[in-house]
Amino acid sequence: EPVGMDASIGIGGLDVSGGLPRSVVQRALSRVQGDVTDCYRAAAKAAGHGLAGALPVSLTIDVDGRARNVEVGAFGLAGVATCVEHAYARVRTLDRPDTGTVRVSFSVRFTPRSL
């Protein structure tokens, strides 16, 4: 298998503003990490190569703890951004915000690894 078809995924620069603790948001994001990894794998396989880089993501967590208004920046492997957007659209927090909505922004770092 060519180098970089799999990647380790890291969340960087997590910024949470609103009525939820950062730890609650972190746990919710981590629950879809497998889906995000699958996005990368599928795109790398289709492209025939991997790519290191970071993908900016922002979303709002609504009063029911559901992700809304997911926005994902560009990434150099076709299909990654759209797939990642759909993955984070499934985010649910176990706790609901104290008041109103919660703004969340972070970047997903892809670090290709050889198997």
V104 side chain reached by D15 side chain, heavy atoms, under 4.5 Å: no
hydrophobic_cluster_shared for V108 and M5, side chain cutoff 4.5 Å: no
From CD1 (I11) to CZ (R109), nearest 0.5 Å: 8.5 Å
Minimum heavy-atom distance R113-S8, with the two atoms named: NH1-CB, 3.3 Å
Heavy-atom closest pair, residues L20 and V16: O-CG1, 3.7 Å
Nearest heavy atoms of A44 and G50, plus distance in Å: CB-CA, 4.2 Å
May I have the list of side-chain donor-acceptor pairs in residues 22-31 shorter than 3.5 Å, sequence neighbours left out?
from	atom 1	to	atom 2	distance (Å)
R22	NH1	L14	O	2.5
S30	OG	R27	O	2.7
R31	NH2	R92	O	2.7

Expected output: side-chain Y40 to main-chain D35 donor-acceptor under 3.5 Å: no
Interatomic distance, R66 atom CZ to L59 atom CG [nearest 0.5 angstrom]: 14.0 Å
Sole residue of D6, L51, L55 in side chain to side chain contact (heavy atoms under 4.5 Å, CB included) with F110: L55
Closest contact, heavy atoms only, T101 versus D62: CG2-CA, 3.9 Å
For the student: nearest non-hydrogen atoms of P56 and A54, plus distance: CD-O, 3.9 Å
For the student: nearest non-hydrogen atoms of G73 and A81, plus distance: O-CB, 3.4 Å
Of all pairs that satisfy side-chain hydrogen bond (donor to acceptor under 3.5 Å, both in side chains), the ones with a partner from residues 73-88, not counting sequence neighbours: none
Euclidean distance, C83 SG relative to L77 CG, rounded to 0.5 Å: 11.5 Å
Polar side chain donor-acceptor pair, S17 to R103, under 3.5 angstrom: no
